[in-house]
**Student:** 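Encoded as structure tokens, here's the structure I'll be asking about.
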Amino acid sequence: MNAPMRSIKIKRPDDWHIHLRDGDYLAASVADASNYFGRALVMPNLVPPIVDVAAARAYKGRIEQHLRKDSCFTPLLTLYLTDETSQDTLVSAKQSGFIHACKLYPAGATTHSEGGVNSIDALFPIFETMEKHAMPLSIHGEVTDDDIDIFDREAVFIDRYLSRIVTRFPALRIVLEHITTRDAVAFISEAGDGVCATVTAHHLLYNRNDMLDGRMKPVYFCLPILKRSTHQQALVEAVTSGNPAFFLGTDSAPHPRQAKENACGCAAGAYTAHAAIELYAEVFDKVDCLDKLEGFASHFGADFYQLPRNQDQIELTEESWQIPALLNFGQDRLVPIRAGEKMRWRVTSGARSSAAAMKDSHLSKPHELPAG
């Protein structure tokens, strides 16, 4: 006799860290992000970056142009901190009502971070203003010194900068984004209320052996880079613990196949928005903690950002389906995480687009496997 099909209902989840990009990519990235997420915190590292309220308002409008009229999806905007960011800009951002965080990129840390911050200490007056006006600080937590090993850059950032920021500004709400190390897990676990972290599906599912063993697999190359399996295990334990300091942020970032599979420099970023909650469900199911998924995906992020939890639900069913090998993004093709592979969990109710409609508008050649 076949075992009964398993399913789980959770309140509609949110994505508290996503890259939608701009231009031709928006139609596909917005379709994926809005399919079953209620809200998404949209990163500002465009070209040029989103550095003021006017730019954020315009970007919000471009995103909303790709939403269906009956969509309940809400994009939440962020500002890109620079060495020139003014305190007046922060006050205006807070008053806007649609900008929910400011993002700190150390200059050169990741994609389109060239205009980021060169001196974090020089931003302390900005942090003071953010603390005063209850504007959360979102941090890409890595140092960029050439003499620091790439696998150690998150831990060094925590020791060198984050610990001082937390001590100096105890009322500043801080999110250490896309954490990758047990060092980060330990710091966040001990930091107290108001200091939290997002965790991606790809850092939970993979470690550096998956990226490097046998041959380099560019689909897994991201920043912060994948770490040892011991760090991966620490992340899994953190997100399945029920600790509200850890919540969902995909860091999903579309890059065209030619930029990822580039001998002169692989683009950093993993695309997971096409199957994000299903990927997280696999992580939680593997360690028999599906009952903890709703808190991580649907409760803790909303609570941190002081927004109401979504009240409607989605349903996930243990049902096999295949991820296409390539996705269409404007004129480009993209290789997503799990390209051409079978998934174990599927959203069977609460999605806003049918699978057939998404395939027609976004997916391409579902059985074509990427070269290499």
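Residue indices begin at 1 and follow the sequence shown. Being a predicted model, the structure only gives us computed values, none of them experimental.
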**Student:** Quick check: are there more than 12 heavy atoms from other residues, nucleotides or ligands sitting under 6.0 Å from CG of Asp288?
**Tutor:** no
**Student:** Would you say that more than 12 heavy atoms from the other residues, nucleotides or ligands in this model lie under 6.0 Å from the CG of Asp146, or not?
**Tutor:** no
**Student:** Locate the shortest heavy-atom distance separating Ile10 from Ala297; write the atom from each residue and the value.
**Tutor:** CD1-CB, 4.5 Å
**Student:** Restricting to non-hydrogen atoms, name the atom on Val185 and the atom on Ala238 that form the minimum distance, rounded to 0.1 Å.
**Tutor:** CG1-CB, 3.9 Å
**Student:** Tell me whether Arg344 is salt-bridged to Glu318, with the criterion being a basic N under 4.0 Å from an acidic carboxylate O.
**Tutor:** yes
**Student:** Judged by modelled atom types alone, do Thr180 and Lys227 share a side-chain donor-acceptor pair under 3.5 Å?
**Tutor:** yes
**Student:** With a 4.5 Å heavy-atom cut-off, do Arg160 and Ile148 have their side chains touching?
**Tutor:** yes
**Student:** Are side-chain heavy atoms of Val166 and Phe187 found at a separation under 4.5 Å?
**Tutor:** yes
**Student:** Any carboxylate oxygen within less than 4.0 angstrom of a Lys/Arg side-chain nitrogen, looking at Lys217 and Asp210?
**Tutor:** no
**Student:** Assess the residue pair Val53 and Arg57 against the criterion (side-chain contact (heavy atoms from CB on, under 4.5 Å)); give the C-alpha distance rounded to whole Å, side-chain angles, the decisive distance to 0.1 Å, and a yes or no.
**Tutor:** CA-CA 6 Å; Val53 174; Arg57 182 179 290 110; 3.7 Å; yes
**Student:** So which of Val335, Ile337, Leu327 actually passes side-chain contact (heavy atoms from CB on, under 4.5 Å) with Tyr271?
**Tutor:** Leu327
**Student:** Please confirm whether the backbone N or O of Leu46 pairs with a side-chain atom of Tyr59, one donor and one acceptor, at under 3.5 Å?
**Tutor:** no
**Student:** Using 30° and 60° as the class boundaries, would you call the ring planes of Phe247 and Trp16 parallel, tilted or perpendicular?
**Tutor:** perpendicular
**Student:** Side-chain heavy atoms nearer than 4.5 Å, only ILVMFWY residues, links allowed to pass through others: does that put Leu235 and Phe300 together?
**Tutor:** no
**Student:** Quick check on side-chain contact (heavy atoms from CB on, under 4.5 Å): which of Leu76, Val30, Leu20, Asp15 does Val42 satisfy it with?
**Tutor:** Leu20
**Student:** Minimum heavy-atom separation for Ile8 and Trp345, please, with both atom names.
**Tutor:** CG2-CZ3, 4.2 Å
**Student:** Just by modelled atom types, is the Ala245 backbone N or O under 3.5 Å from a matching donor or acceptor in the Asn243 side chain?
**Tutor:** yes
**Student:** Does Arg62 reach the main-chain N or O of Gly23 with its side chain, forming a donor-acceptor pair under 3.5 Å?
**Tutor:** no
**Student:** Check whether any side-chain heavy atom of Val283 sits under 4.5 Å from a side-chain heavy atom of Phe296, and report yes or no.
**Tutor:** no
**Student:** As an exercise, state the distance from CD1 of Ile174 to CG of Leu172, rounded to the nearest 0.5 Å.
**Tutor:** 4.5 Å
**Student:** Other residues, nucleotides and ligands only: do more than 12 of their heavy atoms fall within 6.0 Å of CZ on Arg168?
**Tutor:** no
**Student:** Where do Ser34 and Leu67 land on the side-chain contact (heavy atoms from CB on, under 4.5 Å) test, with the steps shown first?
**Tutor:** CA-CA 8 Å; Ser34 64; Leu67 293 173; 3.8 Å; yes
**Student:** Out of curiosity, does Val51 fall in the hydrophobic cluster containing Leu79 (side-chain heavy atoms, cut-off under 4.5 Å, transitive links)?
**Tutor:** no
**Student:** Tell me the closest heavy-atom pair linking Gly340 and Gln322, and the distance in Å.
**Tutor:** O-NE2, 3.2 Å
**Student:** Do any N or O atoms from the side chain of Asn207 and from the backbone of Asn209 form a donor-acceptor pair under 3.5 angstrom?
**Tutor:** yes
**Student:** With a 3.5 Å cut-off and no angle check, do the side chains of Tyr105 and Glu177 form a donor-acceptor pair?
**Tutor:** no
**Student:** Parallel, tilted or perpendicular for Phe169 and Phe124, by the 30°/60° rule?
**Tutor:** perpendicular
**Student:** Could you check Leu316 against Leu290 for side-chain contact (heavy atoms from CB on, under 4.5 Å), going step by step and ending with a plain yes or no?
**Tutor:** CA-CA 11 Å; Leu316 289 143; Leu290 276 174; over 6 Å; no
**Student:** In plain terms, say whether Glu282 and Arg338 are close enough for a salt bridge, that is, a side-chain N and a carboxylate O under 4.0 Å apart.
**Tutor:** yes
**Student:** With no hydrogens and no angle check, is any side-chain donor or acceptor of Lys260 less than 3.5 Å from a backbone partner on Gly269?
**Tutor:** yes
**Student:** Count I, L, V, M, F, W, Y as connected when their side-chain heavy atoms are under 4.5 Å apart, and connections chain through other members. Are Ile99 and Ile50 then in the same cluster?
**Tutor:** yes
**Student:** Is there side-chain contact between Asp251 and Thr198, with heavy atoms separated by less than 4.5 Å?
**Tutor:** no
**Student:** In this structure, is the centre-to-centre distance between the rings of His203 and His231 below 6.0 Å?
**Tutor:** no
**Student:** Could you give the distance from OG1 (Thr240) to NZ (Lys286), rounded to the nearest 0.5 Å?
**Tutor:** 12.0 Å
**Student:** One pair to check against side-chain hydrogen bond (donor to acceptor under 3.5 Å, both in side chains): Asp32 and His274. What are the steps and the verdict?
**Tutor:** CA-CA 5 Å; Asp32 284 345; His274 61 297; 5.5 Å; no
**Student:** Tell me if a side-chain donor or acceptor on Glu154 pairs with a main-chain N or O of Thr181 at a distance below 3.5 Å.
**Tutor:** yes
**Student:** Hey, does the side chain of Arg12 reach the backbone of Tyr36 with a donor-acceptor pair shorter than 3.5 angstrom?
**Tutor:** yes
**Student:** Going hydrophobic residue to hydrophobic residue with side-chain gaps under 4.5 angstrom, can you get from Phe246 over to Leu162?
**Tutor:** yes
**Student:** Flag the pair Ile126 / Leu137 as yes when at least one side-chain heavy-atom distance between them is below 4.5 Å, and no otherwise.
**Tutor:** no
**Student:** Starting at CG of Leu279, measure out to OG1 of Thr200 and round the result to the nearest 0.5 Å.
**Tutor:** 10.0 Å
**Student:** Please check this pair: side chain of Glu261 against backbone of Pro218, looking for a donor-acceptor N/O pair closer than 3.5 Å.
**Tutor:** no
**Student:** Between Met43 and Leu41, does the side-chain contact (heavy atoms from CB on, under 4.5 Å) criterion hold? Intermediate values first, please.
**Tutor:** CA-CA 7 Å; Met43 293 298 106; Leu41 191 70; 4.0 Å; yes
**Student:** Check whether any side-chain heavy atom of Phe304 sits under 4.5 Å from a side-chain heavy atom of Pro136, and report yes or no.
**Tutor:** yes
**Student:** Does NZ or CZ of Arg208 lie under 6.0 Å from the centre of the six-membered ring of Phe151, at an angle within 45° of the ring axis?
**Tutor:** yes
**Student:** Applying the 4.5 Å side-chain criterion to the ILVMFWY set and letting contacts propagate, would Leu77 and Tyr305 be lumped into a single cluster?
**Tutor:** no
**Student:** Could you report the tightest heavy-atom contact between Arg309 and Gln311, atom names first, then the distance?
**Tutor:** O-NE2, 3.1 Å
**Student:** Nearest 0.5 Å, please: how far is CG in Leu223 from OG1 in Thr144?
**Tutor:** 11.5 Å
**Student:** Are any side-chain N or O atoms of Asp24 and backbone N or O atoms of Gln331, one a donor and one an acceptor, separated by less than 3.5 Å?
**Tutor:** no
**Student:** Is Ser138 reaching over with its side chain to a backbone N or O of Lys103, donor-acceptor style, under 3.5 angstrom?
**Tutor:** no
**Student:** Is there a side-chain contact between Glu294 and Lys292, using heavy atoms and a 4.5 Å cut-off?
**Tutor:** no
**Student:** Would one find more than 12 heavy atoms of other residues, nucleotides or ligands at under 6.0 Å from atom CG of Asp303?
**Tutor:** yes
**Student:** CG/Leu123 to OG1/Thr129 distance, rounded to the nearest 0.5 angstrom?
**Tutor:** 10.5 Å
**Student:** Tell me the closest heavy-atom pair linking Met135 and Cys102, and the distance in Å.
**Tutor:** CG-SG, 3.9 Å
**Student:** Can you tell me how far apart CZ (Arg333) and CG (Leu326) are? Round to the nearest 0.5 Å.
**Tutor:** 5.5 Å
**Student:** With heavy-atom distances below 4.5 Å as the criterion, would you say the side chains of Leu248 and Asp14 are in contact?
**Tutor:** no
**Student:** Taking atom CD of Gln258 as the centre, does the number of heavy atoms from other residues, nucleotides or ligands within less than 6.0 Å exceed 12?
**Tutor:** yes
